[in-house]
Amino acid sequence: MSRIHTYKGREVTVTFETGRCIHAAECLRALPEVFDTGRTPWIAPDGAAGDAVAAAVARCPTGALKLAAASGWSESPEAVGSVQVRARGPLYLRGRLRVLDAEGRTVVEDTRLALCRCGASAAKPFCDNRHRALPFEDPGLMGPRPADPPGEGGELRLMPQPNGPLKIEGPVV
């Protein structure tokens, strides 16, 4: 079960969705004065300037961290979606993302997601880190990228197939 925790600061408010975090630790490496798992609360939004907190939150590959600013700042998706295959881990996706269920209904819309590749996640299509307990040994290699990425952006539609592969439609680099 996923819960959302809210950490309010003077400039920014950070939310953290527990069920989406796979402990990639990008936030900890980016801004340890704000993100510190050895402290309670572990997120202190006033530990740095709002723009620095925003940059650290944007590094979160799963979308577990979100940011709201008093100025109305909101995260803009990348113009063209991207997929990064992690060795022995999930797919990291960025862009204007929409996950659909088998009936074509929207499950989630976001700008950052980590999706399961090992098949063991209890939160499919999302990664829940179960690959770490498995002998999942995929090197994470993809075919060659096109020489020139598509000129137009667009939404990536992600459709998990029942007990099968993930179908991705839309422009991606």
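- Proximity of a side-chain donor or acceptor of Asp101 to a complementary backbone N or O of Gly104 within less than 3.5 Å is detected.
- Taking all atoms of both residues into account, the shortest heavy-atom contact from Thr62 to Cys21 is OG1-CA, 4.2 Å.
- No side-chain heavy atom of Gln84 sits under 4.5 Å from any side-chain heavy atom of Leu91.
- Looking at every heavy atom in both residues, Cys116 comes nearest to Gly119 through SG-N, 3.2 Å.
- Using modelled atom types, one side-chain atom of Arg112 and one backbone atom of Leu65 make a donor-acceptor pair closer than 3.5 Å.
- Ion pairing of Arg20 with Asp110 is present here, as a side-chain N (NZ or NE/NH1/NH2) and a carboxylate O approach within less than 4.0 Å.
- Side-chain atoms of Ile4 and Phe16, non-hydrogen and from C-beta on, never get closer than 4.5 Å to each other.
- Here the CG-OG distance, from Asp128 to Ser121, works out to 3.5 Å after rounding to the nearest 0.5 Å.
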For residues 26-38, run the donor-acceptor check on the side chains, cut-off 3.5 Å, and write out each pair with its distance to 0.1 Å, sequence neighbours left out.
from  : atom 1 : to    : atom 2 : distance (Å)
Glu26 : OE1    : Arg59 : NE     : 3.2
Glu26 : OE1    : Arg59 : NH2    : 2.6
Glu26 : OE2    : Arg29 : NH2    : 3.0
Arg29 : NH2    : Ala24 : O      : 2.7
Asp36 : OD1    : Gly38 : N      : 2.9

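- Without hydrogens or angle criteria, Thr18 side chain to Arg3 main chain gives a donor-acceptor distance under 3.5 Å.
- With hydrogens and angles disregarded, no donor-acceptor distance shorter than 3.5 Å links the side chain of Lys66 to the backbone of Val14.
- Under the side-chain contact (heavy atoms from CB on, under 4.5 Å) criterion, Thr111 pairs with Glu75, Pro77, sequence neighbours left out.
- Side-chain contact between Phe126 and Val108: present, with at least one pair of heavy atoms (C-beta onward) separated by less than 4.5 Å.
- With sequence neighbours excluded, no residue satisfies salt bridge (Lys or Arg N to Asp or Glu O under 4.0 Å) with Asp51.
- With sequence neighbours excluded, the residues satisfying side-chain contact (heavy atoms from CB on, under 4.5 Å) with Thr106 are Arg98, Leu100, Glu109.
- Counting only residues at least two apart or on different chains, no salt bridge (Lys or Arg N to Asp or Glu O under 4.0 Å) pair has a member in residues 83-93.
- A salt bridge is absent between Lys8 and Asp46: the closest approach of a Lys/Arg side-chain nitrogen to an acidic carboxylate oxygen does not fall below 4.0 angstrom.
- Minimum interatomic distance between Arg94 and Pro61 (heavy atoms only, all atoms of both residues): NH2-CA, 4.2 Å.
- The two residues Ala64 and Cys60 make their nearest non-hydrogen contact at N-SG, 3.6 Å.
- Not counting sequence neighbours, the partners of Asn129 by the side-chain contact (heavy atoms from CB on, under 4.5 Å) test are Ile22, His23, Cys127, His131, Arg132.
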